[in-house]
Amino acid sequence: MRLTILGGGGFRVPLVYRALLADRGEGRVTRVVLHDVDGARLAAIGRVLADQAEGVPDAPRVTVTTDLDEALRGADFVFSAIRVGGLAGRAADERVALAEGVLGQETVGAGGIAYGLRTVPVAVDIARRVARLAPDAWVINFTNPAGLVTEAMARVLGDRVVGICDSPVGLGRRVARAAGADPDRVWVDYAGLNHLGWLRGLRVDGRDLLPGLLADEEALGSFEEGRLFGAAWLRSLGAVPNEYLHYFYANRETVRAYRDAERTRGAYLRDQQAGFYAAAARPEVRALDAWRRTLAEREATYMAANREAAGDTGRRAAQDLEPGGYERVALALMRAVARDERATLILNVRNRSALPGLDADAVVEVPCLVDANGAHPVSVAPLPYHALGLVAAVKAVEREVLAAAESGSRQAAVKAFALHPLVDSVAVARRLLDAYRAEHPGLAYLA
């Protein structure tokens, strides 16, 4: 089976390859094609993967290419993890937004809109090429903003594109451990959009463990989201939010922390990864060792500004540093489809009628039953009004981004910024769009 990875020079590709090396089942991936627009990054990641494969019998064969059509032809699965504009683009997104006093995170708020506006046209072009060159392939999308990009690609590929994210997986496992349950045995009641969802139940053998966890102050302080949001707020919600909801529930504090930080997250990763890629290119350096060191630093500093804003100034707890997650979801998804190994996974798929309050084509993030015919969303209980209001508002923003990307309409792009709950100003929206167009040549299409 052949897997093509778009964004194949990306830093997290070795996580995917590590999962493939551990998969010894029948019908496994035997060939991996890495595609990237940056040949130097491809070469560096190729070295890491070669180190990983040492001593592993029948390791999947790896080839690299900068030719997109060549990469897609013959693919059984396409894993899309591109970053249009690179980390320099992310750093610019954050800087422009913070200059206006609003959040610039890569998927949330103004930064997410800017990232979406330059990514959607590229993702749609990829979807069209897949439809033409590999019509039987399944596309697994990890490209952010994952829900928005998956919805854009689904307009071309239908249900043959599925979005994945490691946030719900990590949240479910942390909450399960805090509740004293085996993470592999629980049913996680989770619903929302990508980076905008809530864990509302944790069931083992038909019993919901979440109420007991919410009543246990010590247990709530034992995992990252419990410390990030605080026990009192979690009990008020009756749920555990995805970590990205901290940008909504503590927006002023988070913006202040981001503005006071020495560097934004994007700038930190840009500089850190530049160091890794430079080191990995040197023949005397073992690329895998350099990658592991860089990964450990990356995980330890994840959402540091949010933790600071919440008063949690210590280093991340060991149990919160479990690496990866999305690669396990990707492998489980591929197994379920290719081998009919049925699985239950939290995925980004077209809603159909699973989540009340949104239309059938809206891509939502909910539990899905996956088999050889793809991912089938499970019907979930309606969201409470406060959550539904946020979900509906952000989905409206996503639809304006899609309209702007399709038509090149400046008006739609301004509307996307202005309608977002974390921008809420038409004047600021216009200034943001002008500033982003000045930063990113890829936004010149917005006339």
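Computation of the quantities below employed the complete heavy-atom set of this structure, encompassing side-chain atoms and omitting hydrogens, waters and symmetry-equivalent molecules. Keep in mind the model is a prediction, meaning the values are calculated, not measured.
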Item to check | With sequence neighbours excluded, residues passing ring pair (Phe, Tyr, Trp, His ring centres under 6.0 Å) with F79 | outcome: Y326
Item to check | Sequence-distant partners of P121, side-chain contact (heavy atoms from CB on, under 4.5 Å), two or more places apart | outcome: A405, Y445
Item to check | Listed partners of Y190 passing ring pair (Phe, Tyr, Trp, His ring centres under 6.0 Å), at least two apart | outcome: none
Checklist entry - Taking only residues at least two apart or on different chains, which pairs with a member in residues 102-115 satisfy side-chain hydrogen bond (donor to acceptor under 3.5 Å, both in side chains)? => result R83-E106, R90-E106, Q105-T107, T107-H195
Next on the checklist: For R155, is the CZ atom crowded, meaning more than 12 foreign heavy atoms sit under 6.0 Å from it?
Outcome noted: yes
Compile the donor-acceptor pairs under 3.5 Å between side chains in residues 133-140 and protein atoms, sequence neighbours left out, one pair per line.
none

Item to check | Set of residues satisfying side-chain contact (heavy atoms from CB on, under 4.5 Å) with respect to N194, sequence neighbours excluded | outcome: N144, A146, C165, N348, E365
Next on the checklist: Test of understanding: with side-chain hydrogen bond (donor to acceptor under 3.5 Å, both in side chains), list the residues that count as partners of R399, not counting sequence neighbours.
Outcome noted: E151, D359
Checklist entry - Considering residues at least two apart in sequence or located in another chain, which fulfil the side-chain hydrogen bond (donor to acceptor under 3.5 Å, both in side chains) criterion with E439? => result R95
Checklist outcome for this item: Residues at least two apart in sequence or cross-chain that pass side-chain contact (heavy atoms from CB on, under 4.5 Å) with A332, listed by chain then number, are L345
Checklist entry - Does any donor atom in the side chain of H35 or D67 lie under 3.5 Å from an acceptor atom in the other side chain? => result no
Checklist entry - Which residue pairs pass the ring pair (Phe, Tyr, Trp, His ring centres under 6.0 Å) test when at least one of the two sits in residues 361-392, sequence neighbours left out? => result none
Item to check | Qualifying residues under side-chain hydrogen bond (donor to acceptor under 3.5 Å, both in side chains), relative to R431, sequence neighbours excluded | outcome: E100
Item to check | Set of ring pair (Phe, Tyr, Trp, His ring centres under 6.0 Å) partners for W187, sequence neighbours left out | outcome: none
Next on the checklist: Looking at L358, is its backbone amide N or carbonyl O close enough to the side chain of N351 to form a donor-acceptor pair, meaning the two atoms are under 3.5 Å apart?
Outcome noted: yes
